[in-house]
Number of protein chains: 2
Amino acid sequence: MSPRRSDSRDRMLVGASELLREYGAGATSIDRVLARTGAPRGSVYHHFPGGRAQLIEEAVTRSGDLMAKRIDAVMAAEDPLEAVDSFFAVWRERLVESGYRIGCPVAAVAAETNDEAPQLARSAAAAFARWQETLAAHFCRHGLPEARGTRLASLVIAALEGAVIMCRAERTTAPLDAAATELRELLTHAFRDR
Amino acid sequence: MSPRRSDSRDRMLVGASELLREYGAGATSIDRVLARTGAPRGSVYHHFPGGRAQLIEEAVTRSGDLMAKRIDAVMAAEDPLEAVDSFFAVWRERLVESGYRIGCPVAAVAAETNDEAPQLARSAAAAFARWQETLAAHFCRHGLPEARGTRLASLVIAALEGAVIMCRAERTTAPLDAAATELRELLTHAFRDR
DNA sequence: GTCTATACGAAGATAGAC
DNA sequence: GTCTATCTTCGTATAGAC
């Protein structure tokens with residue numbers, strides 16, 4: 001019996017996610033995933049008949065799901081302002097600890113999208129949409145009108161993704177810190193006026 | 001005498017910028033730049049002794065400079081709120097007209113940064129920094145305290161870049177529109193309280 | 001599920017002629 | 001400044017054995 005749902009398959013997905021966030025989609029080759037994970041060459045197309053595209057697509061979906069769960073957990077536990085702050089804090093830590101090597105795997109794929117692999121764009125879009133909806137639902141639960149909650153959730157994600165990219169290039173947390181400060185201001189007003 | 005500062009050199013830089021914004025850094029190969037521009041193969045390393053990395057680096061710098069000039073021009077002509085709105089409007093148009101194919105060349109490079117080519121990250125960082133400083137200067141000129149202007153400028157750029165990435169993946173302008181609306185709200189407060 | 005071998009193409013870079 | 005090889009490396013994908 002196979003090690004339930006295959007060990008090397010999962011390892012490849014994890015490895016692909018890591019490569020995506022560290023080096024981007026273009027650099028996430030099958031070879032590098034194998035080198036990093038030690039997964040067996042011979043079973044790549046057994047687990048991923050769709051080849052590289054399928055591997056990356058599934059890695060993106062997996063990363064997106066994990067992040068969505070984290071968003072849900074944090075938003076359920078804390079008040080919305082604290083929760084948003086803690087997202088930014090987590091990313092700040094992640095960036096510094098990795099020497100600014102780690103970014104967002106979903107954004108990496110979305111930024112390199114081309115027409116030849118529309119599935120990749122779709123999996124990234126699905127992740128973004130799910131994060132946005134999760135965040136919006138919590139905002140609305142705390143009293144924001146639906147349209148406002150939707151817009152603010154979208155902005156938070158966009159600002160976070162954009163700031164992470166800037167931080168990596170500039171090797172500073174300044175963009176992330178600026179975004180966190182100003183978004184807190186905006187959210188404070190939004191929830192006060194509700 | 002050479003066509004002042006070489007014609008094919010410039011064409012290659014333009015072509016590289018286009019490929020960057022449409023397909024990302026990984027897909028911006030010398031071959032594709034040549035195919036797109038019709039520039040002569042034999043002179044690549046004559047114009048760009050540093051090879052592909054130098055070509056992309058200069059393309060990013062060039063794109064960054066162009067955008068900085070546009071920011072400066074718009075901010076000088078309009079009041080800051082209108083100006084920010086018009087940036088988002090320009091991007092919205094660009095996305096729709098291109099069928100969501102066109103993104104930001106600077107962000108594309110920044111998102112695919114790896115340790116092997118630190119010059120690329122640096123040129124992207126320089127572009128981001130220049131945009132941010134330009135925007136901040138205008139914000140402060142209109143009355144914002146320096147720290148606030150700096151933060152807001154940074155947020156505007158981060159939100160714009162993040163939203164563009166999301167729009168391309170989702171094939172909607174919704175993220176861009178949401179960001180524009182909420183940033184206008186935030187900026188309105190900031191300039192009113194000044 | 002995993003192994004080895006291999007076909008095939010794309011890409012970066014260099015050499016030397018013109 | 002430009003041209004034509006050519007070397008080399010890497011990456012995808014497939015075939016067929018175990």
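These values consider heavy atoms only, across backbone and side chains, with no hydrogens, waters or symmetry-generated copies. Below, chains carry the letters A, B, ... as their sequence lines are ordered, and counting in each starts from 1.
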Distance, rounded to the nearest Å, where [X] contributes [atom1] and [N] contributes [atom2]:
X      : N      : atom1 : atom2 : value
A:Q54  : D:dT12 : CD    : C1'   : 15 Å
B:H46  : C:dT14 : NE2   : P     : 16 Å
B:F48  : D:dG1  : CZ    : P     : 12 Å
B:L55  : C:dA13 : CG    : P     : 10 Å
A:L34  : D:dT12 : CG    : P     : 9 Å
B:E116 : D:dC10 : CD    : P     : 11 Å

**Request:** Scan nucleotides 3-11 of chain C nucleotide by nucleotide, 5' to 3', and note B when protein non-hydrogen atoms come under 4.0 Å of the base, S if they reach only the sugar-phosphate, - if neither.
**Result:** B-------S
Where the side chain of [X] meets the backbone of [Y], is there a donor-acceptor pair that is under 3.5 Å apart?
X      : Y      : answer
A:T173 : A:L176 : no
A:E57  : A:Q119 : no
B:E182 : A:R151 : no

**Message:** A cation-pi test, strictly: NZ or CZ of B:R32 under 6.0 Å from the centre of the six-membered ring of B:Y23 and no more than 45 degrees from its axis. Yes or no?
**Reply:**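 Cation-pi check for B:R32 and B:Y23: passes.
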**Item:** Lys/Arg N to Asp/Glu carboxylate O, A:R184 vs A:E82, below 4.0 Å
**Value:**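 Answer for the salt bridge query: yes.
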**Item:** From A:T150, A:V84, A:T134, residue fulfilling side-chain contact (heavy atoms from CB on, under 4.5 Å) relative to A:F139
**Value:**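 Looking at A:T150, A:V84, A:T134, the match for A:F139 under the side-chain contact (heavy atoms from CB on, under 4.5 Å) is A:V84.
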**Message:** Can you work out whether A:Y45 or B:V44 has the more 5'-proximal nearest nucleotide on DNA chain D?
**Reply:** B:V44
